[in-house]
Amino acid sequence: MHAKPQRSRLTVLALTCGYLLNPQRLWSKTARLFGRSYTEVKAIASQFGMGHAVVSARKIERVASRWTKMSFTIHKRDFRFNDVKIALGYPVAETGGNLWLSGSDIDGNIEPLLVPQRVNPKPKLYRIVLDPGHGGKDTGAINKQVGIREKDLALQVAHRLKHKLSALGYQVLLTRENDKFIELDDRAGFANKVKADLFVSIHFNAVDSSSVQGIETFVMTPKGQPSTRNTKRHHSDAKSYAGN
């Protein structure tokens, strides 16, 4: 999932003031690159009232304010936002000695981070379906040394999360309440049947190295953009799916 950095109210207000200096988004430097619209990083900084610096010529550029900094690297399909890695739909490009970002990434990533109040109202979030992975005959990954099964951990996490979310006022439903096997289609079907506002499937990765840690989240890719696992667009990327 794209990381959701924490920002103070002061950050938002300060950046809003910078944005209002240019209420109409008329980019000074745009170009057609790789068949799509791109805008110069330097122009993005100017538009949002932020500073711009070249860290490494033709390779790395930084856009920053007192509260926020973004770092862009040539050919990368991600950027750093206050030291948090954020995925991009298309690689950072270079032409004319400067770095450029795709228009869809500006609309879908940059602007929502810098001026969230300009984004359409968030959809309601009341009914949440938690989906503990695996179950029954499907154990998932197994740690044979200590006898831990993924299906058991997923169920434990789901019950704990349900308790916390319910305390916050959400209605929380589970696709399985016990050690039970459920087909994948039936899990999604249950969420659709109860008209869930959010569906979260819980799993645990298995690796040989004990040094690996963290969270991995899968989300729908925005319409028109390739999945982050692909380097080129696929014909299915142009389709619209519920959730993207």
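Count residues from 1 along the sequence. The analysis underlying the following values was restricted to heavy atoms, covering all of them including side chains, and did not include hydrogens, waters or symmetry mates.
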*So, for Gly133 and Ala154, which heavy atoms are closest and what is the spacing to 0.1 Å?*
N-CB, 3.7 Å
*asked:* So Glu94 and Lys59, do their side chains get closer than 4.5 Å, heavy atoms only?
replied: no
*Path from Val84 to Phe48 over hydrophobic side-chain contacts below 4.5 Å*: yes
*asked:* Assigning hydrophobic clusters by single linkage (Ile, Leu, Val, Met, Phe, Trp, Tyr; side-chain heavy-atom cutoff under 4.5 Å), is Val41 placed with Val115?
replied: yes
*Can any side-chain N or O of Glu150 pair as donor or acceptor with the backbone N or O of Leu153 at less than 3.5 Å?*
no
*Kindly give the heavy-atom pair with the smallest separation between Ala45 and Val63, and that separation in Å.*
CB-CG1, 3.7 Å
*Report yes if some heavy atom in the side chain of Arg77 is under 4.5 Å from a heavy atom in the side chain of Pro226; otherwise report no.*
yes
*Please test His75 against Thr73 for side chain to side chain donor-acceptor pair (under 3.5 Å), starting from the C-alpha separation and ending with a verdict.*
CA-CA 6 Å; His75 303 322; Thr73 303; over 6 Å; no
*Check whether any side-chain N or O of Asn109 sits under 3.5 Å from a backbone N or O of Ala87 as a donor-acceptor pair, and report yes or no.*
yes
_Taking Ala158's backbone N and O only, do any of them form a donor-acceptor pair with His163's side chain (distance below 3.5 Å, no angle check)?_
no
*Asn143 versus Val146: any side-chain heavy-atom pair under 4.5 Å?*
yes
*Could you state the interatomic distance from NZ (Lys85) to OG (Ser71), rounded to the nearest 0.5 Å?*
13.0 Å
*Is Trp100 reaching over with its side chain to a backbone N or O of Thr95, donor-acceptor style, under 3.5 angstrom?*
yes
*Quick check: does any side chain N or O of Arg80 sit under 3.5 Å from a backbone N or O of Asp83, one acting as donor and the other as acceptor?*
yes
*Judged by atom type as modelled, is there a donor-acceptor pair below 3.5 Å linking the side chain of Asp197 to the main-chain atoms of Arg127?*
yes
*Roughly how far, to the nearest 0.5 Å, is the CG atom of Leu161 from the CD1 atom of Ile202?*
5.5 Å
_Charged N-O contact under 4.0 Å between Asp131 and Arg187_ = yes
_Student check: side-chain heavy atoms of Val129 and Leu174 closer than 4.5 Å_ = no
*Evaluate the side chain to side chain contact (heavy atoms under 4.5 Å, CB included) criterion for residues Ile110 and Met70: first the C-alpha distance (whole Å), next the side-chain angles of each, then the deciding distance (0.1 Å), finally the verdict.*
CA-CA 9 Å; Ile110 305 301; Met70 300 183 291; 4.1 Å; yes
_Please report the interatomic distance CG(Leu101) to OH(Tyr38), rounded to the nearest 0.5 Å._
8.0 Å
_Just so I know, are the side chains of Leu130 and Thr175 near enough to count as touching, which here means a heavy-atom distance under 4.5 Å?_
no
_Counting C-beta onward and ignoring hydrogens, is there a side-chain heavy-atom pair between Ile74 and Ile60 closer than 4.5 Å?_
no
*About how many Å separate OG1 of Thr217 and NE2 of His203, when rounded to the nearest 0.5 Å?*
12.0 Å
_Just verifying a value: how many Å separate Leu114 CG and Gln117 CD, rounded to the nearest 0.5 Å?_
10.0 Å
*Below 4.5 Å, heavy atoms only, C-beta onward: do Leu88 and Lys76 meet side chain to side chain?*
no
*Stepwise, does the side chain to side chain contact (heavy atoms under 4.5 Å, CB included) test hold for Phe190 with Ile182?*
CA-CA 10 Å; Phe190 173 76; Ile182 302 177; over 6 Å; no
*asked:* Donor-acceptor pair, distance only, cut-off 3.5 Å: does the side chain of Glu61 make one with the backbone of Leu99?
replied: yes
_Ser166: side-chain contact (heavy atoms from CB on, under 4.5 Å) partners, not counting sequence neighbours_ = Lys162, Val172
*Contact summary for Phe199 and Ala191, nearest pair of heavy atoms*: CD1-CB, 3.4 Å
*Would you confirm whether Asp105, through its side chain, and Gly89, through its main-chain N or O, come within 3.5 Å as a donor-acceptor pair?*
yes
*Quick one: do Gln171 and Ile128 satisfy side chain to side chain contact (heavy atoms under 4.5 Å, CB included)? Show the steps, please.*
CA-CA 6 Å; Gln171 180 186 28; Ile128 301 173; over 6 Å; no
*Cluster question for you: counting only ILVMFWY and a side-chain heavy-atom cut-off of under 4.5 Å, with indirect links fine, are Tyr170 and Leu173 together?*
no
*Does Lys151 come within less than 4.0 Å of Asp138, counting only side-chain N to carboxylate O?*
no
*Report whether Val200 and Leu165 are members of the same hydrophobic cluster (ILVMFWY, side-chain heavy atoms less than 4.5 Å apart, transitive linking).*
yes
*Among His134, Lys137, Arg176, which one satisfies side chain to side chain contact (heavy atoms under 4.5 Å, CB included) with Phe181?*
Lys137
*For Asp185, look at atom CG and say whether over 12 heavy atoms of other residues, nucleotides or ligands are found less than 6.0 Å away.*
no
_Tyr90 six-ring centre to Arg36 NZ/CZ under 6.0 Å and within 45° of normal_ = yes
*Which distance, rounded to the nearest 0.5 Å, do you find between the CG of Leu33 and the OG of Ser102?*
10.0 Å
*N/O donor-acceptor pair under 3.5 Å between Asp78 side chain and Ile86 backbone*: no
_Ile215 atom CD1: more than 12 heavy-atom contacts under 6.0 Å_ = no
*Is Glu111 salt-bridged to Arg118, cutoff N-O under 4.0 Å?*
yes
_Intermediate values then yes/no, side chain to side chain contact (heavy atoms under 4.5 Å, CB included), Phe204 and Ile148_ = CA-CA 11 Å; Phe204 283 80; Ile148 294 179; over 6 Å; no
